[in-house]
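Here the structure comes first, spelled out in structure tokens, and everything after it is commentary.
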Amino acid sequence: MSSSKNYQRILVTSALPYANGPIHLGHLAGAYLPADIYVRYQRLKKRDVVYICGSDEHGVPITIAAEKKKVSPQAIVDEYHLRNKEAFYKFGMSFDYYGRTSSPVHHRTSQEFFLKLMEKGIFKKKTEKQLYDHQAGMFLPDRYVRGECPVCGFADAYGDQCEKCGSSLSPTDLKNPKSALTGQVPELKETMHWYIPLGDFQQRVEAWIASQDDWKSNVLGQVKSWLNQGLADRAVTRDLSWGVKVPLPNAEGKVLYVWFDAPIGYISATKEWAEQLGDPERWKTYWQDQGTKLVHFIGKDNIVFHCIMFPAMLMAHGDYVLPDNVPANEFLNLEGSKLSTSRNYAVWLDDYLTKFEVDPLRYYLATTAPETKDSDFVWMEYLQRNNSELADILGNFINRTLAFTEKRFNGLVPPRGATDQLDEEMLKTLAAAPQVIGDAIERYELRKAVTLLMDVARSANKYFNDQMPWATIKEQPEKCATTLNICLNICAHLALLMAPVLPFSAQKLWRMLGLDGDVNEQGWDDLKIDQLPPRHKLGDLYILFRKMEESEIEPEIERLRQAKAQLNNAPAAPAVEESPKISIEQFGQVQLRVAKVLAAEKVAKADKLLQLQIQIGEETRQIVAGIALHYQPEEMIGKKIIVVANLQPATVRGIESNGMLLAAQDENGHFALLGLDRDVEAGGRAR
RNA sequence: GGCGGCGUAGCUCAGCUGGUCAGAGCAGUGGAAUCAUAAUCCACGUGUCCGGGGUUCGAAUCCCUGCGCCGCUACCA
């Protein structure tokens with residue numbers, strides 16, 4: 001197992017968040033919170049660990065956002081860099097350094113990386129024809145080309161995708177293409193780019209992946225899927241003004257492709273961290289010494305970049321260590337639906353922070369992290385977890401222990417006398433806890449770790465109950481003192497054990513116990529069972545985890561409910577009034593006919609398509625219809641349907657279609673075929 | 001369509017390389033206790049372990065196949 005390697009230091013990264021929008025819960029649950037818990041734990045273990053993150057500030061979406069707002073790309077990234085950095089900080093993210101890819105160090109680092117691969121002759125150059133806007137004097141990224149969708153005829157489709165029908169396109173597919181910048185008709189022009197031939201690295205990547213026996217199955221699965229398809233050449237540069245300039249003569253207007261420079265951001269941020277420490281060469285130890293355990297925390301959308309492309313880049317360069325693990329998480333849903341940032345169906349971190357406490361969110365996200373499959377954030381569950389676990393089990397144990405000590409022992413830790421079997425069992429459980437919980441964290445099983453933590457509090461409550469100190473105080477005061485001594489020391493241990501997940505509450509508890517310093521600077525294995533010695537004076541007692549009321553989260557649930565309703569309605573209710581009116585003559589040109597389905601079969605290699613043989617009067621013809629998701633071929637046979645009979649023929653997936661069937665769609669996207677409320681001969685005209 | 005992940009009690013999920021694996025938490029029912037944030041503790045369950053084949057002395061756990069959900073990818077009048 002590679003985790004048993006003798007590493008001397010750990011370098012942890014979380015995916016660089018893209019600086020064109022705020023952070024939401026999905027980000028946190030996938031790439032940030034798990035990493036932070038892992039890192040906080042490693043620090044308590046006194047391991048040499050550095051945690052790096054930063055803003056990813058290049059790429060086309062940022063330039064588009066800038067265009068829209070009529071500001072510079074720099075202004076966009078400045079805003080979100082600060083905003084996200086601030087929100088992360090408040091959420092307790094303990095980055096050692098939070099950098100940004102627009103920094104000079106990053107530009108220089110990326111350029112040096114590029115030049116190194118260049119010198120080693122890794123790249124291929126290729127010339128292609130791409131759309132060029134003369135007025136703007138630049139090649140247009142896919143998203144900057146608008147035009148008519150060749151698939152559905154939508155007039156304002158993007159060059160990479162049609163928003164209306166969802167088709168993925170290439171800019172040259174569009175009819176009547178226009179530049180989104182100037183409205184000019186772009187022209188095809190030759191342009192040259194550098195490509196990394198990933199295929200050359202296929203074997204090395206495969207061998208490296210094959211040696212990983214402790215990676216998550218979902219990660220390995222994704223990677224193998226890519227490898228099976230074979231790795232192709234991939235452009236590392238593109239024509240754009242925003243980004244890291246290609247550091248060569250005659251490369252005007254060319255920048256590094258954002259997928260290439262973004263992961264290098266981990267390296268440049270580490271450099272800046274080292275500089276800040278006044279030890280500028282120190283980054284090399286972390287990136288270039290084989291004693292480093294490199295761990296990338298990411299969401300599953302990033303697997304291919306961190307498990308194939310970046311490692312291939314690192315291999316190509318030759319001086320760097322490869323990741324020891326990439327514990328990618330799946331996605332977090334919200335109240336049963338996918339998050340949608342564009343439709344504001346999300347819980348934004350900075351918004352959350354203005355209303356609620358941090359630790360309950362960290363706790364709930366940790367228990368529901370999408371480790372093995374997509375999971376769901378549900379506000380009511382968040383509330384229940386907070387109330388029944390943090391408050392009732394953990395918080396209440398602390399409270400009953402401290403309150404009892406306050407009342408019966410004047411807030412002084414009582415001495416521990418002779419122990420009985422229950423005491424010994426409890427002490428044993430407590431002594432084992434750091435190891436057990438730590439092992440789970442080492443294996444990136446955060447949900448498990450949190451459960452184990454709560455189990456300690458559960459056994460503590462049971463222990464308190466079974467020892468009945470409220471009864472023994474009367475006849476066996478020494479026994480009562482022993483019980484409370486142990487309970488108090490359990491509290492001290494809990495403060496430490498909960499520190500990675502609940503750093504703020506852990507520190508509050510540490511103070512409440514009358515302990516000095518920072519709990520986050522203790523040693524995970526150093527806590528003594530007499531951490532709180534007899535006669536130690538406790539601090540001020542207060543409620544550590546407040547219970548929450550349903551009324552507090554009700555507005556959040558309601559907001560999401562409305563956002564979801566809009567989400568469903570938007571595509572389902574196209575505004576009739578927006579379409580221009582047509583005359584009766586125009587309508588007359590559309591020939592609607594009743595048709596009988598004679599035969600139906602699925603179109604091979606297409607999910608949605610049915611190939612239908614239909615009869616219209618005497619005539620038999622073939623049409624292709626996109627209804628396979630909702631109608632089985634068998635159930636179509638014999639049906640009377642309405643078709644547009646005089647539509648221009650088209651070829652779909654190589655099959656000729658002579659007409660179009662009519663169907664309505666409900667808000668869930670389900671089809672309902674138009675039919676007749678009494679039988680009419682096939683061929684009958686509908687009007 | 002290709003590839004991958006997942007499909008276990010009402011809910012959320014553990015169950016690694018086959019042999020106390022049929023489990024935990026929550027919710028529900030009954031009880032104990034009263035130090036504590038109306039908190040805690042104990043007892044109790046119906047599960048065709050998605051369906052169907054197969055390998056094996058033995059499979060939730062391995063193989064094949066079907067179905068469903070999710071994702072990547074292709075395609076999508």
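Not measured: the values here are computed from a predicted model. In the text below, chain A, chain B and the rest are named by the order of the sequence lines, each starting its count at 1. Only heavy atoms go into these numbers, but all of them, side chains included; no hydrogens, no water, no symmetry mates.
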Report the nucleotide, chosen from B:G71, B:C41, B:U37, that has the shortest atom-to-atom distance to any side-chain atom of A:D392.
B:U37
Under 4.0 Å, counting only non-hydrogen atoms across every strand here, what does A:F464 touch: a base, just sugar-phosphate, or nothing?
base
Parallel, tilted or perpendicular, as decided by the 30° and 60° cut-offs, for the rings of A:F404 and A:F409:
tilted
Partner nucleotide, any strand, of B:U37 [Watson-Crick/G-U, under 3.5 Å]
none
Residue matched to B:G68 through Watson-Crick or wobble contacts both under 3.5 angstrom
B:C6
Take atom C1' in B:A32 and the same atom in B:G19, then report the distance between them in whole Å.
39 Å
Looking for any heavy atom pair under 4.0 Å, which part of the strands does A:K547 touch: base, sugar-phosphate only, or nothing?
base
Under 4.0 Å between a Lys/Arg side-chain N and an Asp/Glu carboxylate O for A:R385 and A:E389?
yes
Taking B:A77 as the reference, what is the distance to B:A9 when you measure between their P atoms (whole Å, please)?
40 Å
For A:N461, report the nucleic acid contact type (base, sugar-phosphate, nothing); a contact means any heavy atom under 4.0 Å.
sugar-phosphate
If you compare every side-chain N and O of A:K407 against the phosphate oxygens of B:A36 (OP1, OP2), does one of them come in below 4.0 Å?
yes
Centroid-centroid under 6.0 Å between A:F356 and A:W379 rings
yes
Taking the side chain of A:R447 as heavy atoms from C-beta outward, which of B:C13, B:G71, B:C41 is closest to it?
B:C13
Using atom C1' of each nucleotide, how far apart are B:A43 and B:U48 to the nearest Å?
28 Å
Nucleotide paired to B:A74 in any strand shown, Watson-Crick or G-U, under 3.5 Å
none
Over all atoms of both residues, closest heavy-atom pair of A:I303 and A:A328:
CG1-CB, 3.7 Å
Once hydrogens and angles are ignored, does a donor-acceptor distance under 3.5 Å link the base of B:U37 to the side chain of A:N396?
no
If B:G45 has a Watson-Crick or G-U wobble mate with both distances under 3.5 Å, name it; if not, just say none.
none
Residues A:R546, A:E552: salt bridge by 4.0 Å N-O rule
yes
In the structure shown, which nucleotide is the Watson-Crick or G-U wobble counterpart of B:C11, with both distances under 3.5 Å?
B:G25
Which residue, A:K448 or A:L390, contacts RNA chain B at a nucleotide closer to its 5' end, judged by nearest heavy atom?
A:K448
Applying the 3.5 Å cut-off to both distances, the Watson-Crick or G-U partner of B:U55 turns out to be none
